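Worksheet: one structure, shown below.
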Amino acid sequence: MLERSTTEFDEIRAKLAAYLPFRVASNVLTTLLPADSGVTHTTIRNRTAQVAAELERKDALSCVSSNSSKATELILGLDTGFVRSTTPAIARHHGVLVGCVEHQETRRYFTARRKLPP
């Protein structure tokens, strides 16, 4: 599917990239496989983007070949994080959710915060 890598390696890399952050997926692949290339976090991110572009291209071709009208597209992106308090006397730790919703030409960002117990 992608240049010099096997289909099995591409599949493992894609599954890890779907469930883990790219750096963690890179560390897992480096630990488990004797591979010299294709296991850095940037390579995993780039390969995942290439697979996504290929899937979108195939999806667009299948939409063109069928006579149905194209559905309205809504894209939702989510990420989470953890913010620790810098003051040791005040334990205010927060869980943070950041998101982006794209619909046609408009893009809306949102955040949510949850105070974690000390």
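Computed from a prediction, not measured in an experiment: that's the story for all the values here. Start at 1 with the first residue, then count along the sequence.
- We find the CG-CZ distance between N27 and F22 to be 14.0 Å, quoted to the nearest 0.5 Å.
- Summarising the geometry, atom CZ belonging to R108 is positioned 12.5 Å from atom CD belonging to E102; distances are rounded to the nearest 0.5 Å.
- Other residues, nucleotides and ligands contribute over 12 non-hydrogen atoms within 6.0 Å of the CZ atom of F110.
- Put simply, CG on L20 and NZ on K15 are 13.0 Å apart, with the number rounded to the nearest 0.5 Å.
- Rounded to the nearest 0.5 Å, atoms CZ (R45) and CD (Q50) are 12.0 Å apart.
- Interatomic distance, L76 CG to H103 NE2, rounded to the nearest 0.5 Å: 13.5 Å.
- Side-chain N or O atoms of T48 include one that pairs as donor or acceptor with a backbone N or O of I44 at under 3.5 Å.
- Listed here is the closest heavy atom pair of A17 and A25: N-CB, 4.4 Å.
- By the rule that hydrophobic residues join a cluster once side-chain heavy atoms approach within less than 4.5 Å of another member, Y109 and L97 end up as members of separate clusters.
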Inset, instruction - List the steps, then state whether side chain to side chain contact (heavy atoms under 4.5 Å, CB included) holds for R107 with V101. - result: CA-CA 6 Å; R107 182 179 287 180; V101 178; over 6 Å; no

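- Taken to the nearest 0.5 Å, the NE2 atom of H41 stands 11.5 Å off from the OG1 atom of T30.
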